[in-house]
Amino acid sequence: MNHLKYLLLVVVVATTNSFAQTPAEPAKDTAAQREARMQWWREAKFGMFIHWGLYALPAGEWQGKYYDGIGEWIMFKARIPLADYEQLARQFNPVKFDADAWAQLAQDAGMKYLIITSKHHDGFAMFGSKVDAFNIVDATPFKRDPLKELAAACAKRGIKFGFYYSQAQDWSAPGGAIWEGRHENDPVFADPRWDKRQHGDFETYFSTKALPQVRELLSNYGPMAVVWFDTPLKVMSEERAGRLEKLVHELQPNCLVSGRLGGKFQSDYASEGDNKIPNLARAGAWETPATLNDTWGFKKHDHNWKKPDDLVFKLVDIVSKGGNYLLNVGPDGEGVIPKPSQDMLCKVGAWLKVNGAAVYGADRSPFGAEFGAAGTPDAKGKSTFKPRNDWRCTTKPPSTGSGQAGKLYFFLFKWPGEKFTVAGLKGKAAKAYLLADPAHKPLALAQDGAQLTVTLPAAAPDPLASVLCVELAP
Ligand code: FHN
């Protein structure tokens, strides 16, 4: 109880301070404060990522040539001179942009937070910035600030709102970092710059553009849930990462800092690689950012959409391993989220309406064998992993003092027939039912030590994944 009081005090203090512009001293970042600001994130599990910028106009194609790879890198890939890239701003007029429709889609998909690119590597700010005129309000005929509109639309729906900011790479600002290739033979390694306007000093860029823009974002858009930094590169030293982190938490102590800030900086949660899901469950807070097709920013020829059953599997796989799923949409140059993305997300949302109790706020699997096992080493002797995808499990602990039992949720991707058997159960199963059955009609149980068998109907009630809840005796 005392612990609870302390946590509440921390939350109240943190909330009261969240808009302090000039704190007398740097925000103190205690473990309890960190834990308190992480709480919503731990429960949320599923968020919407939005990559939207000028790159939505070329949409993968420049001067008649279609470029492979991710669409938001077109300026880099096609080595587009700054003067030409700036012309895109003059054409950018996404009049179909509707913040409420985007936030509503996130809500319909069952997503609890939304993170949008405020400035990607191209250096163009998708918000009204006094720091740099290369921004959507000052440099386009659109003149609106989509971040303002989205922040309001999310607040209306109780969706947490955050922004992505490319802190190191900036291909438009003198001195901004540019990816240098992977090795000496990579063609960009010798000189990654392609326009003389890119030459300059990184520290000047960092202190006159990156830091002040992050300050603007944390000062003018209400409570920010997350700042999602990206591609730290070598220039993001411990010292620079520390300056950014300090700024974020001075302005908004409750705002989370995601894992790609730089140096060995310890952020609030770790970011997995893009589209990477670990083989096994992992302790600590982590998130997988992922695409719906093969790009983040809109590309007109990329129709390689994932299927709703795959998305549900990935969401559950990640949650059962202890992570969050940040799933991307790439709106087009008119401000429309592609229809296939909308349709898929709504299907995931419909599934979550029935089965969300097994996802939101759930802990990782207490088992492990269901993930698969080490396979035979490949031709180069490298270890391999053979995944198993029949089922996954999440848990919810008993509510303290309520006398209620803890719950195990089994997600059955491959219907096992009339019996589902699991080994390694700790505790005594008291009741089992399917979440797809609104009456929660009890299913027959047989437990022999740590082995539990549940009798199921002959056919799966949910084509995407049926969830079996097993309540344990208190
Ligand atoms: O270079 C970026 C890429 O464009 C995209 O923003 C992804 C999202 O996680 N992050 C970087 C690559 O890892």
Side-chain angles (χ1 to χ4, degrees), residues 46-60 62 67-80 85 88 111 113-127 147 162-173 176-182 186 188 192 198 210 213-214 217 226-236 241 256-262 265 267-278 285-299 302 304 306 314 318 323-332 337 341:
F46 193 26
M48 177 180 272
F49 211 4
I50 304 179
H51 276 67
W52 196 39
L54 296 181
Y55 40 78
L57 280 182
W62 186 253
Y67 285 83
D68 284 343
I70 46 184
E72 67 283 5
W73 276 68
I74 187 114
M75 183 182 179
F76 175 96
K77 281 170 189 266
R79 296 288 194 262
I80 304 176
Y85 201 76
L88 290 175
M111 292 159 150
Y113 57 113
L114 185 152
I115 296 173
I116 181 163
T117 46
S118 63
K119 187 205 78 164
H120 204 266
H121 311 328
D122 62 357
F124 182 73
M126 290 295 283
F127 63 101
L147 264 63
F163 63 87
Y164 168 112
Y165 190 89
S166 173
Q167 76 279 30
Q169 289 205 76
D170 191 312
W171 308 328
S172 304
I178 301 185
W179 188 67
E180 291 177 2
R182 292 195 195 286
D186 200 312
V188 297
Q198 293 167 330
Q213 282 199 331
V214 169
L217 287 159
V226 181
V227 188
W228 215 95
F229 293 113
D230 201 9
T231 66
L233 306 187
K234 288 196 289 271
V235 281
M236 280 308 297
L256 303 182
V257 174
S258 77
R260 299 185 185 178
L261 178 53
F265 178 79
S267 47
D268 287 301
Y269 63 86
S271 181
E272 271 298 312
D274 296 345
N275 289 304
K276 294 274 182 304
I277 302 176
W286 58 272
E287 174 185 71
T288 291
T291 51
L292 277 171
N293 48 355
D294 295 325
T295 180
W296 304 89
F298 179 69
K299 272 187 100 178
D302 185 339
N304 192 23
K306 297 184 176 67
K314 286 188 162 74
I318 288 168
N324 278 22
Y325 192 28
L326 183 64
L327 187 55
N328 183 72
V329 294
D332 66 17
I337 296 177
S341 306

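Numbering of ligands and ligand atoms starts at 1, following listing order. Note that the structure is predicted; figures quoted are calculated from it, not measured.
When each atom of ligand 1 is checked for a heavy atom of Trp73 under 4.0 Å away, the hits are 1 (O), 2 (C), 3 (C), 4 (O). Below 4.0 Å from some heavy atom of His120 lie the following atoms of ligand 1, by number and element: 3 (C), 4 (O), 5 (C), 6 (O). Close approach to His121 involves these atoms of ligand 1, each under 4.0 Å from a residue heavy atom: 1 (O), 2 (C). The distance from ligand 1 to the heavy atoms of Glu72 drops below 4.0 Å at these ligand atoms: 3 (C), 4 (O), 5 (C). Residue Tyr164 has at least one heavy-atom neighbour below 4.0 Å for each of these atoms of ligand 1: 6 (O). Every atom of ligand 1 with a heavy atom of Trp228 under 4.0 Å away is listed here by number and element: 9 (O).
With hydrogens and angles ignored, the 3.5 Å screen pairs no side-chain donor or acceptor of Glu72 with any backbone N or O of Gly53. The backbone N or O of Ile277 sits nowhere less than 3.5 Å from a side-chain atom of Thr288 that would complete a donor-acceptor pair.
For the pair Pro331 and Trp52, the tightest heavy-atom approach, listed with the atom from each and the gap, is O-CD1, 3.3 Å.
In summary, of the residues considered (Tyr85, Trp171, Trp73, Tyr55), a side-chain hydrogen bond (donor to acceptor under 3.5 Å, both in side chains) with Asp122 occurs for Tyr85 alone.
Looking at ligand 1, you won't find any N or O of Trp296 less than 3.5 Å from one of its N or O atoms. Below 3.5 Å of separation, one finds no N or O of Thr231 facing any N or O of ligand 1.
No side-chain N or O of Thr117 forms a donor-acceptor pair with one of His51 less than 3.5 Å apart.
In this structure, CG on Asn275 lies 7.5 Å from NZ on Lys314, to the nearest 0.5 angstrom. Ile74 contributes atom CD1, which lies 12.5 Å from atom CG of Leu54 (distance to the nearest 0.5 angstrom).
Under 4.0 Å from ligand 1, not a single heavy atom of Glu272 appears. Neither the backbone nor the side chain of Gln169 has a heavy atom within less than 4.0 Å of ligand 1.
For atom 10 (N) of ligand 1, the candidate residues are Asp230, Asp122, Thr295; the nearest heavy-atom contact is made by Asp230.
Of the protein's non-hydrogen atoms, the one nearest atom 9 (O) of ligand 1 is Asp274 OD1, 2.7 Å. What sits closest to atom 6 (O) of ligand 1 on the protein, heavy atoms only, is His51 NE2, 2.7 Å.
Aromatic ring orientation, Phe49 versus Trp296: perpendicular (interplanar angle above 60°, classes split at 30° and 60°).
For Trp62 and Tyr67, the ring centers sit 6.0 Å or farther from each other.
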